[in-house]
K.L.:
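Before anything else, here's the structure in question.
The figures here come from the full heavy-atom set of this structure, side chains too, leaving out hydrogens, waters and symmetry mates.
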Protein chains: 2
Amino acid sequence: MDEIDELLSIRAAELYYEENKTQDEIGQALRLTRWKVGRLLAQAKQQGFIRIEILHPRARRLPIERRLRDERGLADAVVVSSAGVTSAEELQARTAQAAADYLTSLRPVPRTLGVSWGRTLFEISQHLRNGWASGVNVVQINGGVSLNRRPGTAAATAVGIAQKAGGSATLLPSPAILERLETKHAIEADRVVAGVIDLARSADAYLFSAGAADHTSVHVESGYLSESDVDLLVAKGAVGDVVGRYIDSDGNIVDPALDARTVGLTLDELRAASLGVAVIAGRAKHAVADAVVRSGLCSVLVTDEATALHLLDG
Amino acid sequence: MDEIDELLSIRAAELYYEENKTQDEIGQALRLTRWKVGRLLAQAKQQGFIRIEILHPRARRLPIERRLRDERGLADAVVVSSAGVTSAEELQARTAQAAADYLTSLRPVPRTLGVSWGRTLFEISQHLRNGWASGVNVVQINGGVSLNRRPGTAAATAVGIAQKAGGSATLLPSPAILERLETKHAIEADRVVAGVIDLARSADAYLFSAGAADHTSVHVESGYLSESDVDLLVAKGAVGDVVGRYIDSDGNIVDPALDARTVGLTLDELRAASLGVAVIAGRAKHAVADAVVRSGLCSVLVTDEATALHLLDG
DNA sequence: GCGGATCGTGCTCATATGAGCAGCATCGGG
DNA sequence: CCCGATGCTGCTCATATGAGCACGATCCGC
């Protein structure tokens with residue numbers, strides 16, 4: 001397109017989009033035929049001079065979702081728009097809302113839903129509406145008794161999701177990570193715990209998030225790991241955790257010994273699931289999100305625009 | 001619009017604008033009639049959920065131009081888009097380009113064009129194309145012999161504009177501001193000077209900018225005023241200058257004594273012109289721009305989006 | 001200078017969209 | 001409980017837009 005056509009296409013776009021003239025009227029104004037105007041507008045669009053944004057907290061970015069499906073092999077993806085977002089909290093809220101919406105629209109409705117816990121999951125539970133489904137049994141897929149602060153959020157999350165669906169929750173009565181391997185084996189040998197884990201393995205769908213490998217992690221907050229433990233994991237290449245298990249950028253377990261002391265579904269079990277919905281948002285989680293998607297830990301990803309673009313460009 | 005319709009309108013907008021589906025297809029996807037979809041889209045637009053931007057250095061904001069004409073009584077207005085502008089220089093360049101475009105498209109082509117001088121005018125002269133008009137006589141409307149730095153830009157501006165139009169330039173051989181009133185009278189009495197000013201009074205159109213009342217002013221740079229002179233003018237309420245004459249926010253002369261020593265057209269002569277094009281852009285000039293428009297110094301304004309919005313909101 | 005290839009143009013025709021209207025549901029006052 | 005007012009729905013019809021095509025201009029190699 002030459003200079004003169006480029007300028008004309010801008011003039012045409014102004015009249016078309018800002019003054020909502022018809023292409024015919026624009027043609028008269030600029031002394032062009034309406035077909036020429038149509039072509040100019042098409043070119044302006046195609047060259048990216050026209051930017052159309054949907055400004056709404058619930059807005060999604062369908063073209064990016066499509067690319068995630070096509071280029072990253074995901075079964076499905078939900079990407080919330082970052083347009084107009086000012087704080088990390090707002091982004092987190094939008095993503096949680098989108099995850100809640102996705103869960104609500106799932107067909108067939110899962111009879112058993114395995115869930116992890118953490119800030120993201122808790123927020124999703126709060127964004128779900130009463131009656132989002134009926135008769136869903138929610139089961140925890142990893143250990144989650146908080147040790148110090150915010151006791152019970154893990155339980156509150158699962159129970160909240162279940163109650164709002166008019167179903168029941170099955171809690172995993174175990175710490176996330178145990179200090180000694182023997183204790184972990186003993187806990188797993190417990191009839192109740194073993195039963196819950198079996199139930200978790202049989203879930204129709206899983207909903208989980210991922211944590212960044214830094215000091216803000218819920219595992220540090222909950223007392224399962226110390227800040228220096230996390231530093232050590234980072235030194236070994238950890239980018240974050242999924243259901244309490246720390247992985248590197250290829251999705252491999254960073255510290256097998258630690259992993260062996262972690263209660264709940266293994267990552268391979270999660271990978272084998274037919275429907276695993278990961279909800280991961282925010283700048284801090286770009287690296288984990290990448291690892292999760294690359295290593296096939298989820299089949300569905302709910303995320304924000306910036307994280308999605310990171311996955312696609314990287 | 002209730003919550004559910006709002007959400008639907010967002011979903012519809014996503015499919016319509018991002019996936020370019022037809023309203024009918026969207027209807028099928030969302031189980032709505034195509035009329036409902038059309039109404040949802042109209043609502044989304046009307047409620048401002050859809051934002052269409054034209055991203056191009058030459059893009060204008062026609063709705064704002066219309067408001068300037070309607071609400072501020074201008075005969076015409078040109079507002080350049082600020083979208084994607086990163087520096088003040090870029091904004092200045094866009095505005096100068098727009099002014100050059102406006103001048104080029106002026107019908108009837110002015111036979112005599114009165115111009116001021118300064119950074120903005122110089123930039124406009126550079127953005128004009130060779131042959132932008134034919135046979136325009138350009139005449140300076142205020143004194144403009146630079147005293148120290150950048151000698152000759154005032155002359156270069158007028159000559160440049162004239163040459164590119166295949167016409168001639170008539171320079172006003174006088175300083176902008178004289179130190180003594182007597183000298184000013186003497187200069188004005190000079191046959192050549194008086195002739196130029198008479199010619200300037202008879203111009204068909206005027207093109208001028210405005211300066212901010214601060215130390216970056218060309219009058220300081222050129223040595224006509226000291227920094228403390230400007231401080232004094234500001235203390236008296238000056239917001240900026242037009243053709244070397246400092247005005248307050250109502251467009252009144254701030255310092256009549258200084259004004260009497262300033263050579264060139266008076267503001268009242270400028271106000272009486274049938275076509276006066278003011279080109280004013282940038283954050284620093286919001287206040288002068290306001291004064292110029294309020295007091296009717298120009299009939300046409302070329303400016304940037306932010307300045308225009310300032311004029312409309314204030 | 002000639003003939004083919006290429007491109008842009010303005011048409012025809014099919015499709016998509018918007019305006020306006022009659023029918024129906026919903027709501028609140030009598 | 002009834003009835004008119006209100007607002008939403010899905011239609012008809014007019015208009016705006018897009019797809020595809022035939023024509024003529026322009027460019028380039030021979």
K.L.:
Do the side-chain N or O atoms of B:Tyr16 get closer than 4.0 angstrom to the phosphate oxygens (OP1, OP2) of C:dT17?
P.N.:
yes
K.L.:
More 5' along DNA chain C: B:Leu41 or A:Thr33, using each one's nearest nucleotide?
P.N.:
A:Thr33
K.L.:
Taking atom types as they are modelled, would you say the side chain of B:Arg39 forms a donor-acceptor pair with the base of D:dG10 within the 3.5 Å cutoff?
P.N.:
yes
K.L.:
Any donor-acceptor pair under 3.5 Å between the side chain of B:Trp35 and the base of C:dT17?
P.N.:
no
K.L.:
On the nucleotide D:dT15, are OP1 or OP2 found under 4.0 Å from the side-chain N or O atoms that A:Gln23 carries?
P.N.:
no
K.L.:
Between D:dG18, D:dG10, C:dT9, spot the one nearest the side chain of A:Arg34, thanks.
P.N.:
D:dG18
K.L.:
Salt bridge or not between A:Arg69 and A:Asp76? Use side-chain N to carboxylate O under 4.0 Å.
P.N.:
yes
K.L.:
Under 4.0 Å between a side-chain nitrogen and a carboxylate oxygen: does that hold for B:Asp5 and B:Lys36?
P.N.:
yes
K.L.:
Between B:Leu32 and A:Gly38, who's closer to the 5' end of DNA chain D by nearest nucleotide?
P.N.:
B:Leu32
K.L.:
Any donor-acceptor pair under 3.5 Å linking the side chain of B:Arg72 with the backbone of B:Val293?
P.N.:
no
K.L.:
Salt bridge or not between A:Arg60 and B:Glu14? Use side-chain N to carboxylate O under 4.0 Å.
P.N.:
no
K.L.:
Is any side-chain N or O of B:Lys36 closer than 4.0 Å to OP1 or OP2 of D:dG10?
P.N.:
no
